[in-house]
Undergrad: 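This structure is in structure tokens; I'll ask about it shortly.
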Amino acid sequence: MTIGISKRSVGVALLQPFLSLLPRKKGVVALTLHNIKPKHFLWFDRLIKQLSDQYEFINPSELNCDLFKKASTTKILLTFDDGFLSSRILAESVLKKYGIKAIFFITEGFIGIDPENVSEFLTNFYPNSNNKSVEVDFAAPMTWIDVKWLSQNGHMIGAHTKSHPVLSSIKQNQELVSEIVLTADRIETIVEAKINCFAFPFGTVESVNYDIINIARDRFDIIFSNVRGNVLDSPDRGFIFRQNIVPGDSLSLTRAIIDGRLDWKYRRARQQAKVMFLDND
């Protein structure tokens with residue numbers, strides 16, 4: 001089975017002499033993954049093993065305000081977005097093997113969707129993609145039985161809206177409440193477990209606004225963005241920074257991401273997020 005190293009890993013390898021001069025950041029780093037195709041299952045297994053040898057993975061049950069305090073070490077919080085079946089498969093075949101728990105952010109409307117409707121729903125996940133037909137081949141969603149299995153086996157279930165919209169494009173408050181709050185209430189009933197975490201679809205500064213963040217903050221304890229950075233850099237519990245990992249990323253690239261040595265590339269987005277909160281204090 002092929003491992004498949006990503007193209008961006010090659011670019012980072014060329015920058016390695018420069019990156020090694022940058023200081024390592026310490027504290028909790030939330031890693032985000034989405035769908036992982038079968039050709040990258042072995043890559044994922046090897047990456048998790050290598051990371052578990054070098055870093056400590058924290059259990060989502062440990063999530064609290066201490067995440068924002070200074071730390072003497074670097075710890076990893078693993079998260080998966082959307083609700084793809086591949087996440088459930090790898091939780092049992094890989095994460096269970098290494099004793100690692102993760103947060104799985106579920107898009108309610110995607111779970112258990114009829115196979116013939118998967119392609120249409122994928123436009124919500126990849127609105128700018130011109131290659132959706134290829135994605136469909138390995139883009140099956142979890143069932144509610146899968147989601148319950150994750151919860152019953154020590155993983156945390158988080159909400160990720162009902163239909164994965166760009167929330168900032170929604171003008172009606174009632175529709176925002178439906179996408180953010182009511183969907184989480186329904187998931188909580190189905191899974192029979194508290195839903196205290198939420199992740200914004202797309203997670204960019206442009207995809208939300210302060211009113212949207214406040215709706216989420218009233219319902220959830222911790223809310224995640226997808227702006228790159230260390231948790232300690234986050235402006236508020238309502239917009240926690242995460243680091244995105246792409247299937248095929250090399251260990252050296254992933255370590256550079258975890259250690260914050262590529263954060264300079266995303267400085268503008270982090271600053272925009274902080275300004276959003278400062279302007280509304």
Side-chain angles (χ1 to χ4, degrees), residues 2 4-9 11 30-41 43-44 47 78-91 102-143 146-147 157-170 175-176 178-180 183 187 198-209 212 216 223-228 239 241-249 253-254 257 262 265-266 269 273:
T2 181
I5 298 300
S6 67
K7 292 181 179 178
R8 67 181 194 157
S9 296
L31 297 185
T32 314
L33 292 114
H34 296 79
N35 190 27
I36 301 176
K37 298 179 182 179
K39 69 177 182 179
H40 284 118
F41 282 5
W43 162 85
F44 181 76
L47 183 71
L78 192 62
T79 71
F80 293 81
D81 283 6
D82 300 334
F84 288 100
L85 179 60
S86 62
S87 302
R88 157 67 168 88
I89 293 171
L90 293 172
I103 306 178
F104 294 82
F105 291 105
I106 302 302
T107 303
E108 182 195 7
F110 184 53
I111 304 303
I113 195 171
D114 192 293
E116 66 183 24
N117 295 324
V118 168
S119 178
E120 181 179 355
F121 202 96
L122 288 181
T123 62
N124 297 3
F125 293 147
Y126 314 112
N128 299 318
S129 174
N130 295 318
N131 200 24
K132 300 179 189 68
S133 60
V134 175
E135 295 288 344
V136 173
D137 293 339
F138 301 104
M142 287 191 242
T143 66
D146 294 320
V147 177
I157 304 301
H160 197 43
T161 71
K162 179 181 179 179
S163 63
H164 206 275
V166 178
L167 291 171
S168 59
S169 69
I170 298 176
E175 187 176 351
L176 287 171
S178 177
E179 284 284 354
I180 297 170
T183 185
I187 295 173
F198 179 79
F200 291 115
F202 307 105
T204 63
V205 176
E206 295 77 16
S207 66
V208 299
N209 57 46
I212 291 169
I223 302 109
F224 291 85
S225 72
N226 212 25
V227 172
R228 311 295 190 258
F239 205 72
F241 294 157
R242 289 192 289 176
Q243 299 280 17
N244 195 60
I245 302 299
V246 175
D249 281 351
L253 170 56
T254 306
I257 291 171
L262 292 176
K265 295 179 61 179
Y266 310 101

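The chain is numbered in sequence order, starting from 1.
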Undergrad: Could you tell me which non-hydrogen atom of W43 sits nearest to which non-hydrogen atom of V246, and how far apart they are?
TA: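 Taking every non-hydrogen atom into account, CZ2-O, 3.6 Å.
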Undergrad: Do you know which two heavy atoms are closest between P165 and P201, and how far apart they sit?
TA: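 For P165 versus P201, the nearest heavy atoms are O-CB, 3.4 Å.
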Undergrad: With rounding to the nearest 0.5 angstrom, report the NE2 to CG distance, H34 to D81.
TA: 4.0 Å
Undergrad: Could you go step by step and tell me if L122 and Y126 meet the side chain to side chain contact (heavy atoms under 4.5 Å, CB included) rule?
TA: CA-CA 6 Å; L122 288 181; Y126 314 112; 4.0 Å; yes
Undergrad: Enter the distance from D146:CG to T143:OG1 here, rounded to the nearest 0.5 Å.
TA: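 Answer rounded to 0.5 Å: 3.5 Å.
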Undergrad: Would you say that F239 contacts V227 through its side chain, given a criterion of any heavy-atom pair below 4.5 Å between the two side chains?
TA: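 With C-beta onward as the side chain, the pair touches.
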Undergrad: If you round to the nearest 0.5 Å, how far is OG of S169 from CG of L176?
TA: 8.5 Å
Undergrad: Please list, chain by chain and in numerical order, all residues satisfying ring pair (Phe, Tyr, Trp, His ring centres under 6.0 Å) with F241, sequence neighbours excluded.
TA: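 In terms of ring pair (Phe, Tyr, Trp, His ring centres under 6.0 Å), with neighbours along the sequence ignored, F241 is linked to no residue.
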Undergrad: Could you tell me which residues satisfy salt bridge (charged side-chain N to carboxylate O under 4.0 Å, His left out) with D82, sequence neighbours excluded, listed by chain and number?
TA: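 Expected list: none.
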Undergrad: Under the side-chain contact (heavy atoms from CB on, under 4.5 Å) test against I245, which residue among L253, L78, T254 passes?
TA: T254
Undergrad: So, for F138 and P38, which heavy atoms are closest and what is the spacing to 0.1 Å?
TA: CD2-CD, 3.6 Å
Undergrad: Between atom CG of D249 and atom CG of L47, what is the distance when rounded to the nearest 0.5 Å?
TA: 8.0 Å
Undergrad: Rounded at 0.5 Å granularity, tell me how far CZ in F44 sits from OG in S87.
TA: 8.5 Å
Undergrad: For the residue pair F104 and F80, categorise the inter-ring angle as parallel (less than 30°), tilted (30 to 60°) or perpendicular (more than 60°).
TA: parallel
Undergrad: Just to verify, what does F202 make a ring pair (Phe, Tyr, Trp, His ring centres under 6.0 Å) with, not counting sequence neighbours?
TA: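 In terms of ring pair (Phe, Tyr, Trp, His ring centres under 6.0 Å), with neighbours along the sequence ignored, F202 is linked to H164.
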Undergrad: Rounded to the nearest 0.5 Å, what separates atom CD in E179 from atom NZ in K162?
TA: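 Output value for this atom pair is 7.5 Å.
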Undergrad: Return the set of residues passing side-chain contact (heavy atoms from CB on, under 4.5 Å) with I89 (not counting sequence neighbours), or none when no residue passes.
TA: F41, L85, S93
Undergrad: Identify, with sequence neighbours excluded, every residue that meets side-chain contact (heavy atoms from CB on, under 4.5 Å) alongside S178.
TA: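 With sequence neighbours excluded, S178 shows a side-chain contact (heavy atoms from CB on, under 4.5 Å) to L182, given in chain and number order.
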Undergrad: Where is the tightest heavy-atom contact between S225 and G203, given as atom of each residue plus distance?
TA: CB-O, 3.5 Å
Undergrad: If you look at every heavy atom in N35 and S86, which pair is closest and at what distance?
TA: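 Where N35 meets S86 most closely, the heavy atoms are OD1-OG, 2.7 Å.
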Undergrad: Taking the six-membered ring for Trp, are F110 and F125 parallel (under 30°), tilted (30 to 60°) or perpendicular (over 60°)?
TA: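 The arrangement is perpendicular - the two ring planes meet at more than 60°.
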Undergrad: Can you list the steps and then say if L31 with N244 is a side chain to side chain contact (heavy atoms under 4.5 Å, CB included)?
TA: CA-CA 6 Å; L31 297 185; N244 195 60; over 6 Å; no
Undergrad: Taking the side chain as every heavy atom from C-beta outward, state whether V118 and I113 have any pair of such atoms under 4.5 Å apart.
TA: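 Yes, their side chains come closer than 4.5 Å.
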Undergrad: Could you tell me which non-hydrogen atom of I180 sits nearest to which non-hydrogen atom of I212, and how far apart they are?
TA: CD1-CG2, 3.9 Å
Undergrad: Mind checking what makes side-chain hydrogen bond (donor to acceptor under 3.5 Å, both in side chains) contact with S207, not counting sequence neighbours?
TA: T204
Undergrad: Under 3.5 Å, is there a donor on one side chain and an acceptor on the other for E206 and S168?
TA: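 There is no such pair (donor and acceptor under 3.5 Å, judged by atom type) between the side chains of E206 and S168.
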Undergrad: Compare all side-chain heavy atoms of H160 with those of T183 and state whether any distance is below 4.5 angstrom.
TA: no
Undergrad: Would you say the ring centroid of F105 lies under 6.0 angstrom from that of F224?
TA: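 That pair passes the under 6.0 Å test.
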Undergrad: Considering residues at least two apart in sequence or located in another chain, which fulfil the side-chain hydrogen bond (donor to acceptor under 3.5 Å, both in side chains) criterion with N226?
TA: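 Partners of N226 by the side-chain hydrogen bond (donor to acceptor under 3.5 Å, both in side chains) criterion, ordered by chain and then number, come out as T32.
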Undergrad: Quick one: list whatever passes side-chain hydrogen bond (donor to acceptor under 3.5 Å, both in side chains) with T79, sequence neighbours left out.
TA: R242
Undergrad: Under the side-chain hydrogen bond (donor to acceptor under 3.5 Å, both in side chains) test, which residues partner T107, sequence neighbours left out?
TA: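 T107 satisfies side-chain hydrogen bond (donor to acceptor under 3.5 Å, both in side chains) with no residue once adjacent residues are dropped.
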Undergrad: Test side chain to side chain contact (heavy atoms under 4.5 Å, CB included) on I36 and L33 and set out the steps.
TA: CA-CA 8 Å; I36 301 176; L33 292 114; 3.8 Å; yes
Undergrad: Just grab all the salt bridge (Lys or Arg N to Asp or Glu O under 4.0 Å) pairs involving residues 108-123, residues at least two apart or on different chains.
TA: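 As it turns out, the salt bridge (Lys or Arg N to Asp or Glu O under 4.0 Å) pairs with a partner in residues 108-123, which skip direct neighbours, are E108-R186.
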